[in-house]
Amino acid sequence: MKLVTWNVNSIRSRLERLLALLARHKPDVVCLQELKGAEDVFPFDAIQQAGYHAAVLGQKTYNGVAILSRAEPTDIHKGLGDDEHARLIAATVDGVRIVNVYVPNGREVGCEHWDYKLDWLKTLAAWLAKTAKATDLLAVCGDFNVAPDDSDVAHPDEWADSVLCHDRVRELFRGLLDWPLVDVFRKHHPDGRIYSWWDYRRLAFPKGDGLRLDHILATDPLARCCSAAEVDRDERKGEKPSDHAPVMATFDI
DNA sequence: ATGGTTGCTTAGCAA
């Protein structure tokens, strides 16, 4: 199983690139975040013509998550508790439980949205503990808006104590790993220094000012099958890229 | 340098 997670920053603006990615990598499962649209503007037809099913939790203007899959998804679950934002969708594909998350950004440390981010991560951990077992074949992937370690930040001094690197969110991320889940990208690239997001505003990509915010976490039985993990950095190049590059993992199951 | 760009929606917000 080849699994991709990608924050597209608007499905409508990124459709051509998404279709090219499907043709290039031929993934079995694609987790998308930041659709920035409700179901009524989701390009179901184009994705079906590309050979994929789509389970979608959309939202007008903001957020929105989807799971694309070659095989038909079952047991589709939408939303995290009473969260009003479209930030979580789960489905079972080819016997693997896929949980796709778009974790709140946090905006500024100390503001109301920061507390919402911390609460959201705590609620995610509790929901996983309640609805899944560490012995399941399970992947939790998406845009976590957390750089787990300074080796996941090209210029750690510039991002110190930011909403993406603060100790509070790093602790909560480690809590997910302690459940336990394995960061399969880290497993294959223990030295870090490979990134998945570059800020549009700082013109960060040409400066090499990246952070690794997009993750594929797997339970031990699934992580043991992971034979490769990559970032498709080229996807950040050229005309109209997303600010995130796709992260992908291969599982030999 | 509290800078800068992109997308949605329509001047302002979110990232």
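Residue numbers begin at 1 in each chain, while the letters A, B, ... track the order of the sequences.
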In whole Å, I'd like the distance from the CZ atom of A:Arg202 to the P atom of B:dT6. 16 Å
Kindly determine whether A:Arg224 and A:Asp220 satisfy salt bridge (Lys or Arg N to Asp or Glu O under 4.0 Å), including the steps that lead there. CA-CA 6 Å; A:Arg224 271 183 284 152; A:Asp220 179 66; 3.0 Å; yes
For A:Glu108 and A:Pro104, find the nucleotide of DNA chain B closest to each by heavy atoms; which residue's nucleotide sits nearer the 5' end? A:Glu108
A:Arg202 NZ/CZ over A:Trp159 ring centroid, <6.0 Å and within 45° of normal: yes
Enumerate the side-chain hydrogen bond (donor to acceptor under 3.5 Å, both in side chains) contacts for residues 117-130 of chain A, please, sequence neighbours excluded, ordered by first and then second residue. A:Asp83-A:Trp120
Please state how far atom CG in A:Leu203 lies from atom P in B:dG3, giving the value in whole angstrom units. 14 Å
Nearest 0.5 angstrom please: A:Asp149 CG to A:Phe173 CZ, how far? 10.5 Å
Looking just at side-chain N and O atoms, do A:Ser196 and A:Asp214 make a donor-acceptor pair shorter than 3.5 Å? yes
Cut-off 3.5 Å, side chains only: do A:Arg212 and A:Ser151 have a donor facing an acceptor? no
d(NE2, A:His85; P, B:dA14) in whole Å: 9 Å
Inter-nucleotide C1' distance (B:dA11, B:dT6), Å rounded: 15 Å
Once you round it to whole Å, what is the distance between C1' of B:dG7 and NZ of A:Lys240? 8 Å
Measure from CD on A:Gln59 to P on B:dT9 and round the result to the nearest Å. 11 Å
What is the distance, rounded to the nearest whole Å, between atom CG of A:Asp209 and atom P of B:dG3? 17 Å
Can you tell me how the ring of A:Tyr116 sits relative to the ring of A:His85, calling it parallel under 30°, perpendicular over 60° and tilted otherwise? perpendicular
What is the separation between atom CH2 on A:Trp159 and atom P on B:dA15, rounded to the nearest whole Å? 14 Å
A:Asp232 and A:His25: side-chain donor and acceptor closer than 3.5 Å? yes
Could you please name the option among B:dT9, B:dG7, B:dA15 that lies closest to any side-chain atom of A:Lys60? B:dT9
With rounding to the closest Å, how many angstrom separate the C1' atoms on B:dT10 and B:dG4? 22 Å
P atoms of B:dT9 and B:dC13, separation to the nearest Å: 15 Å
Select base, sugar-phosphate, or nothing to describe what A:Phe205 touches, counting heavy atoms under 4.0 Å on all strands. nothing
Protein-nucleotides 11-13 of chain B N/O pairs under 3.5 Å:
none

Could you give the distance separating B:dG3 and B:dC8 at their C1' atoms, to the nearest angstrom? 23 Å
In whole Å, measure the gap between the C1' atoms of B:dG7 and B:dA1 for me. 25 Å
For DNA chain B, what residues of residues 3-19 of chain A have any heavy atom nearer than 4.0 Å? A:Asn9, A:Ser10, A:Arg12, A:Ser13, A:Arg14
A:Trp114 side chain reached by A:Arg168 side chain, heavy atoms, under 4.5 Å: yes
For A:Lys207 and B:dG4, give me the distance from atom NZ to atom P, rounded to whole Å. 11 Å
How about A:Asp28 and A:Phe251: do any of their side-chain heavy atoms sit closer than 4.5 Å? no
